[in-house]
There are 2 protein chains.
Amino acid sequence: MSGGTGKDPSRLTPRGAATRDRIVATAADLMHRQGVAATTLDQIVLACDVSKSQLYHYFPNKDALIADVIAAQASRVILHQNSLLEQLHSMDDLEKWRDLLVAGMHRDAGYRCPLGSLANELVGRSGHAHPLLAAAFDSLRDALAGGLARLQEEGELGSEVTADELALGVIAALQGGYLLAATMQDEQPFRLAIDMALSRIRALAADR
Amino acid sequence: MSGGTGKDPSRLTPRGAATRDRIVATAADLMHRQGVAATTLDQIVLACDVSKSQLYHYFPNKDALIADVIAAQASRVILHQNSLLEQLHSMDDLEKWRDLLVAGMHRDAGYRCPLGSLANELVGRSGHAHPLLAAAFDSLRDALAGGLARLQEEGELGSEVTADELALGVIAALQGGYLLAATMQDEQPFRLAIDMALSRIRALAADR
DNA sequence: CACAAACTGGACGAAATCGTCCATCCGGCA
DNA sequence: TGCCGGATGGACGATTTCGTCCAGTTTGTG
């Protein structure tokens, strides 16, 4: 959960832990909407009504805070997706899953992906952030691949293509869909991108 | 081509025009690799050996330069894709097109898309950049849709799905592929993402 | 209750970065 | 050849932003 670069949360009083969490949550929200570079520490401090010294009491520098923001978003998204994908047992469940994703897109966040927007900005540019983001996408792929593998075992889906490869392809479609949706300010490209990937899976299922 | 916010290129001497172009090209390269926000004017000025005043002689501010960078990248990519996609006449041509795209990915640019990386950072955050990027993706979709529509007319491809929709889906797959490739530092996810989209198209073609 | 550690507040310093200013140089043209 | 607008060089100012400092308050514990 924690990026580990900040202050050891174990020796924090409840009040301190709450303040720390509030900072991370506020930073995550601002960075999701404005971008990481565009979000200043002063903005964060103002938005969640803490002082500069509190921020630097819990995090050694901005990079450490960013690391925790990534960890928080990753944990949130992965937990959510795991709980959704655990119940994947049929092709129709995949459509329901897609509908939930579409419904979960936030217009007020400019149709951006909480993880993808961070990755796009930080991958290859922040040495500390990159592995965290790579691990997050790995977990996401594992969660989806787990669900697809179950479909394969239950005979709902063919095995010509690995569950891992299918999952990665779907995640790519998701990410591209997010970008186009943000650019067009419309969720339709997102829906279209997923549907294209799901059609491929459906075709593999029809071959049964 | 030009963003239009800078100095009118028509009343520029050849030397001035060359300097201006050199600034845009250098800025485009740096921004592609480091990101827009992370690229400072001092870096640009240093990298192409011009002085600060020259930069401000040709562009009123950084945003205007960014607009020209977007325009330059968009024009470059779209011209290239148009010339490639004009020759699209069969399913196999699509595979060749994919191979060219894979070969065109630059490891030294962190496997990032020249347009996608700009869009990810600027869309929804820079009022001037957004429409330029949206238009660029529209042109890209038109170029691809034109090729796919030709396949449909020639009976190579079914018309159950619009050429426009297919094209948008493929572009989404491309963009997602770029992001995952950059995150994993490997071109395989990119190839996988495109192949998933092309499989869908191939399935529509097989229905003939 | 007393004391130490955790917590809080906000002013301050230092560096980076955008943008300005002005003096000088070059190149075509009457 | 002399002139004038475009082109160039680099120092300078103003602002933003990360990070520091220290003084004061709250909380848990012997």
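Throughout, protein chains are lettered first and strands after them, A, B, ... in sequence-line order, and every chain is numbered starting at 1.
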Checking contacts here: which listed nucleotide (dT17(C), dT8(D), dG19(D)) is nearest the side-chain heavy atoms of Thr40(B)?
dT17(C)
Whether Tyr58(B) contacts dG6(D) is assessed here as follows: a side-chain N or O lying under 4.0 Å from the phosphate OP1 or OP2. Is that the case?
no
If we ignore angles and hydrogens, is there a donor and acceptor under 3.5 Å between the side chains of Gln87(A) and Trp97(A)?
no
Within a strict 4.5 Å, meaning less than it, do heavy atoms of the Leu132(A) and Leu122(A) side chains meet?
no
Sequence neighbours left out, what pairs pass side chain to side chain donor-acceptor pair (under 3.5 Å) with at least one residue falling in residues 34-52 of chain A?
Gln34(A)-Thr39(A), Asp42(A)-Lys52(A), Ser51(A)-Ser53(A), Ser51(A)-Gln54(A)
Indicate every side-chain donor-acceptor pair of residues 172-181 of chain B with a distance under 3.5 Å to a residue at least two apart or in another chain.
none

For Glu86(B), check side-chain hydrogen bond (donor to acceptor under 3.5 Å, both in side chains) against everything at least two apart and list the hits.
none
Just so I know, are the side chains of Asp195(A) and Glu165(B) near enough to count as touching, which here means a heavy-atom distance under 4.5 Å?
no
Could you check if a side-chain atom of Leu140(A) sits within less than 4.5 angstrom of a side-chain atom of Leu115(A), using non-hydrogen atoms only?
yes
Taking atom P of dC18(C) as reference, at what distance in whole Å does atom NE2 of His57(B) sit?
20 Å
In whole angstrom, what separates Lys62(A)'s NZ from dT16(D)'s C1'?
12 Å
Rounded to whole Å, how long is the line connecting atom CG of Leu41(A) with atom P of dG10(C)?
17 Å
Distance in angstrom units between Asp42(A) CG and dG19(D) P, rounded
12 Å
Does this structure show an ion pair linking Asp92(B) with Lys96(B), if we count only N-O contacts that are shorter than 4.0 Å?
no
Distances under 3.5 Å between protein N/O atoms and the N/O atoms of nucleotides 20-23 of chain D, please, pair by pair.
none

Would you kindly give the CG-to-P distance between Leu65(B) and dG19(C), to the nearest whole Å?
10 Å
Would a 4.5 Å heavy-atom cut-off, applied to side chains only, mark Arg112(B) and Asn120(B) as touching?
no
If you count heavy atoms of other groups shown closer than 6.0 angstrom to NE2 of His89(B), is the number above 12?
yes
Using the C1' atoms of five pairs at each end, what's the angle between the two axes of the helix from dC1(C)-dG30(D) to dA30(C)-dT1(D), to 10 degrees?
0°
For atom CD1 of Ile23(A) and atom C1' of dC18(D), their distance in whole Å
15 Å
For Arg191(B) and Gln188(B), which I'm curious about, is there any donor-acceptor pair between the side chains at under 3.5 Å?
no
In terms of side-chain heavy atoms of Gln54(B), which of dG9(D), dA7(D), dG19(D) is nearest?
dG9(D)
Closest nucleotide among dG19(C), dA6(C), dG10(C) to the Ser51(A) side chain
dG10(C)
Are Arg98(A) and Leu101(A) side-chain neighbours, meaning at least one heavy-atom pair lies under 4.5 Å?
no
Given atom CG of Leu55(A) and atom C1' of dG10(C), what is their separation to the nearest angstrom?
14 Å
Proximity to DNA chain D (any heavy atom under 4.0 Å), residues of residues 117-131 of chain A only
none
Tell me the interatomic distance from Ile44(A), atom CD1, to dT17(D), atom P, rounded to whole angstroms.
12 Å
